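In what follows, a single structure is set out as structure tokens and then discussed.
Here is how names work: the chains are called A, B, and so on, in the same order as the sequence lines, proteins then strands, and each is numbered from 1. Computed from a prediction, not measured in an experiment: that's the story for all the values here. What's counted below: heavy atoms across the whole structure, side chains too, no hydrogens, waters or symmetry copies.
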Amino acid sequence: MSDIRVRFAPSPTGYLHIGGARTALFNYLFARHTGGKYILRIEDTDKKRSTKESVNNLISSLKWLGLDWDEGPGIDGPFAPYFQTERFGIYNEYIEKLLMNGSAYKCFCTEDELKTERDRQLKAHLPVKYSGKCKNLTKEEIGKYEDEGRSFVIRFKVPENRKIKFCDIVHKETEFNSNILSDFVIKRADGYPTYNFTVVIDDAKMRITHVLRGDDHLSNTPKQILLYEALDFPIPQFGHLSMILGKDGSRLSKRHGATSVEEFQKQGYLSEALINFLALLGWSPPEKNGKTREFMTKEELIRYFDINSVSKTSAIMNIEKLKWMNGCYIRNLDTQKMMEYFPNLKSDPFFQGDEKRAINYIKASRSYYDTLNDAVVYLDNFKKWSLNTDILKDFKNPEYIELISNLVDMLKKTSVINPDMVGNIFKEVSQKTGLKGKNLYHPIRFILSGKIEGPELQHFFTVVPKEEIILRLKKGLEFLRKK
RNA sequence: GUCCCCAUCGUCUAGGGGUUAGGACACCGGGUUUUCAACCCGGCAGCAGGGGUUCAAUUCCCCUUGGGGACACCA
């Protein structure tokens, strides 16, 4: 047990994004590897965009991934509550403190004024920054504005000419000059505190020791450090993880396809595969015999994970590789486990409740899947059928007619159909007709599936009902006999 | 526009002052199979460019280029 405490702090304004999932994963792995605590905190201070559905979705995605938290929603813990909207009392206390010690001030500028100013700066090629107009308002002016009922925000007073240095776990020595920083808003006109403020209060109050988050927060860090200092809080260690990008190298968005964990779940990805894949984005375990360890269980990920060997480079999400990895995971599942993913399969009209045939189907087709959903799609190879006369017209020789009619006769006499039986039947028709290899299998395949490629032929007999097989063979026979 | 971050095969990455620059996906070829998939074997492919430093640079430094991010009363 260590005193390391980390957190994942999503805002419930949508689904759990794949980048967020990776951030959560790295926090989780770091905590589990070091014996620290992993906390989930919901940052819902954006009242316009935060939704309850989002919270539920976030939580269910995190649970599906197996990223269980030690403190947070549903569990609570010594630093509850873990929803920011329930912590306003705490925030107000510290806002008062900053106001009192002169680190913050009320700003009465209107949004229009600010926008005009910003446009002017942009035009003049100047850095975009709040002028500090309200910084030195006198008590009388403030009183007057308040009497007029003007709304105001509270801004943090950024000290001038300060060098803010910190050692980022990923980026190493990092330095900012405070002059590039604006006096940023910490409390909105509607009384809601802002992100840069709440995150500091909560991380401090929750005794977070390591802040592992996305790269996009790197430039927020100096602001936050200034707040830690003004509030006299111990400063945690920061680690800024690289972004995950779409195929074209731009920020991952809807046009790149699935971006949320829920979508991947729905598409039939296994959480183990997604986790494994995500872990390898921006981190790699120690090699084994000169080869990258590609497949790792959660336990192995925890064992090997090292926050110090996380990469600075942003990574493009390669769905092809995820698919491949997912397919490998599916193939490694035992049949029993596999069937659990398809509770409704045997109720498919095609199987008519016959679980044995459903199992046979899964066994026959699993090597074709990239995702679990492919199991449903692939079933058509057995289910859908039409006589492919284009291919079959090349098999109008008497020996093939003999082959098929023999096969039909034998099937009629067989009551039990299992792989061994099918093997025997093939052997027998082969002896009777003298056909073997391609000449034996191809005509049967073409008649039964209507295709030139597909799963092993024997499987058709264990998956498709006997009556249906006989029907297809008879139709084929009919065609072959026609002059 | 201003500031910040990043740069090894197409992609994910290992490596690091002297290496035949390693692995994986994808791709191509071969094997296996009645066919396809799976599986096994093999192959193609990379240090963004330009300056330094050094006996030696892909590795260290600078510039350029390219990509990404921040600059909100979003988080």
**Asked** Starting at the 5' end of RNA chain B, which residue's closest nucleotide do you reach first, A:E320 or A:F108?
**Response** A:E320
**Interatomic distance where CG belongs to A:N332 and P belongs to B:A38 [whole Å]** = 14 Å
**Item:** A:R293 side-chain N/O to B:C12 phosphate OP1/OP2 under 4.0 Å
**Value:** no
**Prompt:** Checking all strands, does A:G454 fall into the base, sugar-phosphate, or nothing category for heavy-atom contacts under 4.0 angstrom?
**Reply:** base
**Request:** Please state whether the phosphate of B:C6, meaning OP1 or OP2, lies under 4.0 angstrom from any side-chain nitrogen or oxygen of A:K312.
**Result:** yes
**Request:** Search all heavy atoms of A:P193 against all heavy atoms of A:Y91 and return the closest pair with its distance.
**Result:** CG-CD1, 3.5 Å
**Request:** Output yes when at least one side-chain N/O atom of A:S284 is less than 4.0 Å from OP1 or OP2 of B:A14, else no.
**Result:** yes
**Request:** Classify the nucleic acid contact of A:P286 as base, sugar-phosphate or nothing, counting any heavy atom under 4.0 Å across all strands shown.
**Result:** nothing
**Complete:** Here the distance between atom P of B:A37 and atom CD1 of A:I362, to the nearest Å, is 20 Å
**Value in whole Å for how far the C1' atom of B:C12 lies from CG of A:N276** = 12 Å
**Request:** Indicate, with a heavy-atom threshold strictly under 4.0 Å, whether A:E287 touches base, sugar-phosphate, or nothing.
**Result:** base
**Prompt:** Between A:D216 and A:H442, who's closer to the 5' end of RNA chain B by nearest nucleotide?
**Reply:** A:H442
**Message:** Rounded to whole Å, please give me the gap between CG in A:L245 and C1' in B:C5.
**Reply:** 12 Å
**Asked** For A:L440, which contact category applies under a 4.0 Å heavy-atom criterion: base, sugar-phosphate, or nothing?
**Response** nothing
**Parallel, tilted or perpendicular: rings of A:F30 and A:H210 (30°, 60°)** = perpendicular
**Prompt:** Under 4.0 Å between a side-chain N or O of A:R331 and OP1 or OP2 of B:C39?
**Reply:** yes
**Message:** What is the distance, to the nearest angstrom, from the NE2 atom on A:H240 to the P atom on B:A70?
**Reply:** 12 Å
**Prompt:** CG of A:D202 versus C1' of B:A75: gap in Å, rounded?
**Reply:** 13 Å
**Asked** Whole-Å distance between B:C25 C1' and A:L281 CG?
**Response** 12 Å
**Request:** Check if the side chain of A:Y368 and the base of B:C36 share a donor-acceptor pair of N or O atoms closer than 3.5 Å.
**Result:** yes
**Request:** Kindly indicate whether the side chain of A:S11 and the base of B:A75 share any N or O donor-acceptor pair separated by less than 3.5 Å?
**Result:** no
**Prompt:** Hey, what's the ring geometry for A:F305 with A:W283, parallel, tilted or perpendicular (30° and 60° as the breaks)?
**Reply:** tilted
**Request:** Would you please confirm or rule out a distance under 4.0 Å between OP1 or OP2 of B:C6 and any side-chain N or O of A:H171?
**Result:** yes
